[in-house]
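Some notes on the structure that comes next.
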Amino acid sequence: MRRKIVAGNWKMNTTPAEGVELLKGVAALKSTAPSDVELIVGVPFTHLCGVKDAAAAAGIAVSAQNCADHESGAYTGEVSAKMIASLGAKYVILGHSERREYYGETSETLNKKMALAYANGLAPIYCVGEKLDEREAGKHFDVVRAQIEEVVFQLTPEQFGSLVIAYEPVWAIGTGKTATAEQAQEIHAFIRGVLAEKFGAAAADKTPILYGGSCKPSNAAEIFSKADVDGGLIGGASLVADDFIAIAKAF
Ligand code: 13P
């Protein structure tokens, strides 16, 4: 049995105080969700310290949404993997399409970030996914394969063992347009096959692959019912505690 995960990506939303309230709301409802679903909240850097204790008490894991591509030093405005880990976070989201698109993240940068995440005991949630024109041109398999080969294939088998992958078609993020459950299953199975080429079928079979992109209480059950979909990376709906928990209940 693979791990089931519902992870929230709060993106650049909420003040730290509002974030603590949101976390408390999720914590209060957590017992109503299936106990075998791991809940993760992906919070802004400024919130890591504030949510730490309440998240730990509730058994909710905390993730950052990015980390620096250098260990430490004169990199004004950056936040290192070590700083993030020291505040109790267990995960870091890397390669989100918004970071690739607006902050010019390339596979080269991401390889450095992945290495630093692992070196500091953080498990990456590595995001892949194609843009609308790439899907319309039938290139989505090639795009996703390249995002995996250029970054995930650089990991050691041991590192790969704690990796979480999120497939997020860019055309479905924040648009209200969700991939159909069949589209999600098709590409999740493809991703697992690509992972198996490098790390073997047994290891690939253990890797959680999450779906992200306009996932909400009304569509999560259908998407999560698919064999290779192991949960979700949730943007907008993770900002409402009831909706986030309703998605976890969709398993
Ligand atoms: P939405 O759920 O708001 O579409 O965002 C998805 C996402 O980008 C999660 O990382």
Side-chain angles (χ1 to χ4, degrees), residues 4-14 18-19 22-23 26 37-45 47-48 60-67 84 89-103 105 110 113-114 117 122-132 134-135 140 143-144 147-148 151 163-181 183-184 187-188 191 208-224 226 229-251:
K4 296 175 186 168
I5 298 174
V6 173
N9 176 6
W10 294 2
K11 307 192 181 185
M12 197 174 72
N13 292 296
T14 72
E18 288 164 352
L22 176 54
L23 188 278
V26 173
V37 178
E38 184 180 348
L39 297 181
I40 304 173
V41 288
V43 307
F45 294 136
H47 298 35
L48 286 169
I60 297 168
V62 177
S63 177
Q65 300 171 12
N66 180 30
C67 71
I84 293 164
K90 196 169 155 199
Y91 295 96
V92 58
I93 297 169
L94 290 176
H96 193 280
S97 61
E98 287 150 18
R99 296 219 51 93
R100 293 180 191 264
E101 170 113 14
Y102 308 140
Y103 302 97
E105 285 197 355
L110 287 166
K113 295 186 177 197
M114 294 281 272
L122 295 170
I125 300 172
Y126 178 66
C127 304
V128 298
E130 81 286 355
K131 297 180 189 158
L132 182 60
E134 292 166 338
R135 176 157 285 257
H140 44 295
V143 169
V144 169
Q147 289 169 335
I148 291 174
V151 177
L163 183 71
V164 176
I165 297 212
Y167 167 68
E168 301 202 305
V170 179
W171 47 271
I173 296 177
T175 58
K177 243 192 220 178
T178 324
T180 63
Q183 284 172 323
I187 200 140
H188 280 228
I191 291 169
I209 306 177
L210 314 183
Y211 169 79
S214 298
C215 190
K216 41 189 185 266
S218 58
N219 59 28
E222 199 189 342
I223 296 170
F224 294 175
K226 296 296 176 186
V229 179
D230 307 310
L233 182 55
I234 319 298
S238 73
L239 296 171
V240 178
D242 286 300
D243 288 353
F244 185 60
I245 292 293
I247 290 170
K249 285 185 187 168
F251 270 109

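All ligand and atom numbering here is 1-based and tracks the order in the structure. Quick note: numbers below take in every heavy atom, side chains included, and nothing from hydrogens, waters or symmetry partners.
- Residue E222 qualifies as open at atom CD: its count of foreign heavy atoms under 6.0 Å is 12 or below.
- In this structure the side chain of K11 reaches within 4.5 angstrom of the side chain of E98, judged on heavy atoms.
- Side chains of H96 and Q65: no donor on one and acceptor on the other come within 3.5 Å.
- Counting atoms of ligand 1 from 1 in the listed order, those under 4.0 Å from a heavy atom of A172 are 4 (O).
- Looking at H96 against ligand 1, only its side chain comes within 4.0 Å, counting heavy atoms.
- Those atoms of ligand 1 with a heavy atom of L233 less than 4.0 angstrom away are 9 (C), 10 (O).
- W171 pairs with exactly one of E134, K131, R135 by the side-chain contact (heavy atoms from CB on, under 4.5 Å) rule, that one being R135.
- In this structure, G174 counts as a contact residue of ligand 1, since one of its heavy atoms falls inside 4.0 Å of the ligand.
- The line from OG1 of T180 to CG of N219 is 11.0 Å long, rounded to the nearest 0.5 Å.
- Listed by number with element, the atoms of ligand 1 under 4.0 Å from a non-hydrogen atom of G213 are 4 (O), 6 (C).
- Close approach to N9 involves these atoms of ligand 1, each under 4.0 Å from a residue heavy atom: 9 (C), 10 (O).
- Counting heavy atoms from C-beta outward, I5 and D230 have side chains that stay 4.5 Å or more apart.
- Nearest protein heavy-atom neighbour of atom 2 (O) of ligand 1: G235 N, 2.9 Å.
- Listed by atom number, the atoms of ligand 1 under 4.0 Å from E168 heavy atoms are 6 (C), 7 (C), 8 (O), 9 (C), 10 (O).
- At under 3.5 Å, not a single nitrogen or oxygen of E98, backbone or side chain, sits near a nitrogen or oxygen of ligand 1.
- In this structure, A166 falls outside the shell of residues with a heavy atom less than 4.0 angstrom from ligand 1.
- The aromatic rings of H47 and W10 sit perpendicular to each other, their planes meeting at more than 60°, with 30° as the lower class boundary.
- Rounded to the nearest 0.5 angstrom, L94 CG and R100 CZ are separated by 9.5 Å.
- Atom 5 (O) of ligand 1 has its closest protein heavy atom at K11 NZ, 3.3 Å.
- Atom 3 (O) of ligand 1 has G236 N, 2.8 Å as its closest protein atom, hydrogens excluded (heavy atom only).
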